[in-house]
Colleague: 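One structure, as structure tokens, below. Some questions next.
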Amino acid sequence: MKRRWSLLLLLCLLLTGCSAEASGGQLISAAEGSESYSEALLPFLHGYALRDGEDTLYAEISQGNAVACFDVQAVPAMTRGVGRYWYPHVSATVVLAVDRTRTDAVITGWNSLRESGIPVGMSSFSVVRNMLAIGAISYGLNPKEPTKGDALDFLEQLCQNGGFELDGSDAPILICLDYEAAAWNRSGGTYEIIVPVEGTLTYRMGLLSDTPLTLEPGLDDALLSAGLSLAGGERPPDFPADYRSARVLGEEEYDRFLAITGDSSRDLRRQVFHARLYTTADMREHILSALLIVAAVLLWKGTVSHRMIRRDIRRVAGALGWLMVGWLLLRLFKYQLPQEGALCRMCWYGYYLFQLALPVALLYLTVILDRPEGEKRLHRPLWPPLVVYALSVLLVMTNDFHQMVFRFTPGGNWVSDYHYGPGYWIIMAFSLLFLISALWNLLRKGRRSPGRRGSILPLLFCAGLLVYLAAYIKRVPLAWESDLTVNVCILSVLFFETVLHGGLIPVNIQYQRLFASAPISLTLLDGDGRAVLSSSGARPISRSVWQRLRTDIHQPLLRDRDTQFHAVPIRGGMAVWQEDLSQLNQLRKEIQDVQIRLEAANALLREEGEVKKRLLAAETNRALFEQLDQDMERRITSLAHLIETLPEAEHPRNLTAYITLCLCHIKRRMNLLFLARQGESLPGDELGMYMDELAELGRYGGLRTLLRCGQIGALEIRSAALCYDFAFESMSWTLREEASPLMGYLEIEGTQLVFRFLPGGDPGRWRFSRELMAAVSALGGEIVCKDLDDAYGICLTVPLGGESCG
């Protein structure tokens, strides 16, 4: 089954190849210097006809043609999906060709050129040839890490020492391909072909196609007979014998080669010859600059259209913008064409279709400035300028027949090697006459403008434009190496913009609609106090009012209670708007009424606040005393009972001491209660003083007590009160049970407050009050009795920050 599919696929390929041959493909020589290869190849490629390339390599291949090109063109194209079949046949090595009739200098390679001081040239200035040379020099100077900078520095040094030029076929030393030098020798040249000892590159030339190609036998012999080296290494006898320093790029090196040699033409112009520093230097920059300037011109055209007062002037300004855009687009199209073709030359002639129309359109604009809009007949007809323009364009477009405008050799390099004929000077003289007439009209009609200094900038830009055109015609390097189309368009836009800003052409088309629909009462007055434009709701301004405003224009003028005038100076007069104060006065009256009502309401609110404040103070005091009564009721009741039983007590001294101890406890508890209401804390030293006071009173009842406090800082009131109650109840029990002595120690352990007592008796019969036990539980603490073998201990443990634990 697989074999059947393979046979079917082979049959399809054969049918495809046959159909391509039957259809009659084209053999395109896309690489410079490949004409001899293409001519030698053509007899062996049945069904193909040789012709010059009319489009890019990619476009030619997509049309089914076979293209003769170098491997540095073919392999990257195939990786990007352009072309499927690559047939390399010929090798081409970048070498040095030394004319021994003109120099006997010892030349061995690249570095020897630095020292010789002999002019060096390249046999061509095409983009592909520049890439081949730059790549060979880069890999020759630094085989391991080749860079474009090394090659450019090398060529710049050659240019400074003995001279270096592109397309310098007359130089004693040429950088060329080996088969070119061999062909020159066969034609009578005396060139020594030198393969640089530092290293160079050998490129392969072949066919790239989208369809498989069938070549007749005997192609290798034909190529050798044509003076071409084979891709396999076999060379004609007149080639150098030693090619060991030449290397061939590997499959993985083509991307690096393209990265090194990209933009070679631009870099040669700027870094080697120091030309094209202020203008575009290669095709990409030509295209991008044209698109950028077109976008800028269109944007400027849109802004101008919104600033023009009259529609007819707006249409002429739009026509000027479209003329510049058309000129730039035609320039962009011209750069996509082969320079040798007639179509490219016709595009060059087409430049003058737009260039010569610019002064005529400007002249027409200046003629219609002083006539009412809509008037069909002109005071001075423009038929003569239009006729001259038509004849000038016709003369330029037919230059190939008479060469009265541009003189050049049709088969030569007419792009740069041309001269101006008498017809060119006649055309330029008429264009200059139209431009001067337009300027004269603008200045004459704008002489009454208040801003006369605004005419200086247009004259400067116009003078700059004329100076630039004269320098370009005389081929001054700075102007000749720039882009005429781009610079003329930029200077024209700047000239027209300064004309608008100078007031030589009226702008701001929205004035009438603005004043017709303006919600404010606005009036424009001229220098004599006459109204020029006025909104529909504005009252007429008398001359007396105008004179008072002019006396002090920065101060508002009150006409009556409800109307006020404001004025600002403008060019040629003033702008006055009338402010209606009636609504403002009504609003001010309403604000005053509201202010009176608010003041009365504020007085009531203040009185209400004072009453509520007194009530709140009374309620706070009542709540405080209720809390005091509730907290001390039990203690006062117990104390009263003890005082009643004092006369009948067996030991009145001890009972008196206990009563005193209770009174002290009640006093201090009230103090702690007030501190808690104020939100304050209790210092540890003050708590120790309270406990020492209890111990001192206990000594009157025979209680021997020793209380100590460790390093304790400020305590929360609830924790301090709990420790104080615990000390009081412990000392009260000791007095009642005669369990003296009593030792206590209060300290902080980690995150807990620990209060330990060591009594002189068994604490098993101790009974603390329910209030104390509830307070300890509320704070998350506990009271523990411990048997210490020969003694007993009582320990109160409370977490620090007792206020946040309850």
Side-chain angles (χ1 to χ4, degrees), residues 519-520 556 558 560-564 566 579-640 662-687 689-690 693 712-726 728 753 769-781 798-806:
I520 61 175
L558 189 63
D560 51 39
R561 185 176 179 275
D562 294 331
T563 305
Q564 183 173 259
H566 299 268
E579 184 179 5
D580 186 8
L581 303 179
S582 58
Q583 295 182 357
L584 184 61
N585 293 332
Q586 180 66 24
L587 182 61
R588 185 181 292 109
K589 184 177 181 303
E590 293 176 0
I591 291 174
Q592 292 175 353
D593 295 338
V594 171
Q595 184 177 1
I596 294 173
R597 291 196 296 268
L598 288 176
E599 289 177 354
N602 288 337
L604 291 176
L605 290 176
R606 284 194 297 270
E607 185 177 353
E608 182 181 0
E610 292 294 332
V611 172
K612 288 183 177 180
K613 185 177 180 180
R614 291 194 295 270
L615 291 177
L616 183 60
E619 182 66 20
T620 302
N621 292 334
R622 185 186 62 79
L624 177 62
F625 285 112
E626 285 181 357
Q627 184 177 359
L628 288 173
D629 293 339
Q630 182 180 1
D631 188 66
M632 296 299 160
E633 182 178 1
R634 180 183 60 81
R635 293 183 175 89
I636 294 175
T637 302
S638 176
L639 184 61
C662 292
L663 289 173
C664 180
H665 175 255
I666 291 173
K667 179 186 70 171
R668 293 303 179 189
R669 282 295 286 144
M670 295 301 101
N671 186 28
L672 291 176
L673 179 62
F674 286 118
L675 290 176
R677 297 292 294 180
Q678 296 174 3
E680 298 179 0
S681 58
L682 183 69
D685 296 338
E686 188 172 349
L687 178 61
M689 293 172 57
Y690 290 176
E693 185 180 37
I712 300 174
L715 296 176
E716 297 289 340
I717 293 299
R718 293 178 63 183
S719 299
L722 189 62
C723 293
Y724 187 74
D725 291 341
F726 178 68
F728 167 72
L753 183 65
S769 64
R770 289 181 297 177
E771 290 81 2
L772 177 62
M773 298 302 294
V776 171
S777 299
L779 291 180
V798 180
L800 286 175
E803 289 292 347
S804 61
C805 299

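One is the number of the first residue; the rest follow in order along the sequence.
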Colleague: Tell me, please, which residues at least two apart from Arg597 pass side-chain hydrogen bond (donor to acceptor under 3.5 Å, both in side chains).
Modeller: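 None.
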
Colleague: State which residues pass side-chain hydrogen bond (donor to acceptor under 3.5 Å, both in side chains) with Glu590; sequence neighbours excluded, sorted by chain then number.
Modeller: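 If we apply the side-chain hydrogen bond (donor to acceptor under 3.5 Å, both in side chains) test to Glu590, skipping adjacent residues, the hits are Gln586.
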
Colleague: Can you name the residues that form a side-chain contact (heavy atoms from CB on, under 4.5 Å) with Cys662, not counting sequence neighbours?
Modeller: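 With neighbours one apart ignored, the set is Leu639, Tyr658, Phe728.
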
Colleague: Distance-only criterion, 3.5 Å: show the donor-acceptor pairs between side-chain atoms of residues 598-610 and protein atoms not counting sequence neighbours.
Modeller:
residue	atom	partner	partner atom	Å
Asn602	ND2	Leu598	O	3.2
Glu608	OE2	Lys612	NZ	3.1

Colleague: Do Leu753 and Cys723 have side chains that approach each other closer than 4.5 Å (heavy atoms only, starting at C-beta)?
Modeller: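 Yes, side chains in contact.
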
Colleague: List the residues meeting side-chain contact (heavy atoms from CB on, under 4.5 Å) with Pro556, not counting sequence neighbours, and say none if there are none.
Modeller: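 By the side-chain contact (heavy atoms from CB on, under 4.5 Å) rule, Pro556 matches Gln564, His566.
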
Colleague: Could I get the full list of side-chain contact (heavy atoms from CB on, under 4.5 Å) partners for Met689, not counting sequence neighbours?
Modeller: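 None.
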
Colleague: Output all residues satisfying side-chain hydrogen bond (donor to acceptor under 3.5 Å, both in side chains) with Asn585, sequence neighbours left out; order by chain, then residue number.
Modeller: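 With sequence neighbours excluded, Asn585 shows a side-chain hydrogen bond (donor to acceptor under 3.5 Å, both in side chains) to Asp562, Arg588, given in chain and number order.
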
Colleague: Which residues pass the side-chain contact (heavy atoms from CB on, under 4.5 Å) test with Ala775, sequence neighbours left out?
Modeller: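 Partners of Ala775 under the side-chain contact (heavy atoms from CB on, under 4.5 Å) test: Leu722.
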
Colleague: Once you round to the nearest 0.5 Å, how far does CG of Leu682 lie from OH of Tyr724?
Modeller: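 Result: 11.0 Å between the selected atoms.
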
Colleague: Measuring from Glu686:CD to Ser681:OG, what's the distance to the nearest 0.5 Å?
Modeller: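 Separation between the atoms: 9.5 Å.
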
Colleague: Partners of Glu693 by salt bridge (Lys or Arg N to Asp or Glu O under 4.0 Å), sequence neighbours excluded?
Modeller: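 Applying salt bridge (Lys or Arg N to Asp or Glu O under 4.0 Å) to Glu693 gives Lys667, Arg668.
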
Colleague: What pair of heavy atoms forms the shortest contact from Ser719 to Val798, and how long is it?
Modeller: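 The answer is OG-CG1, 4.3 Å.
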
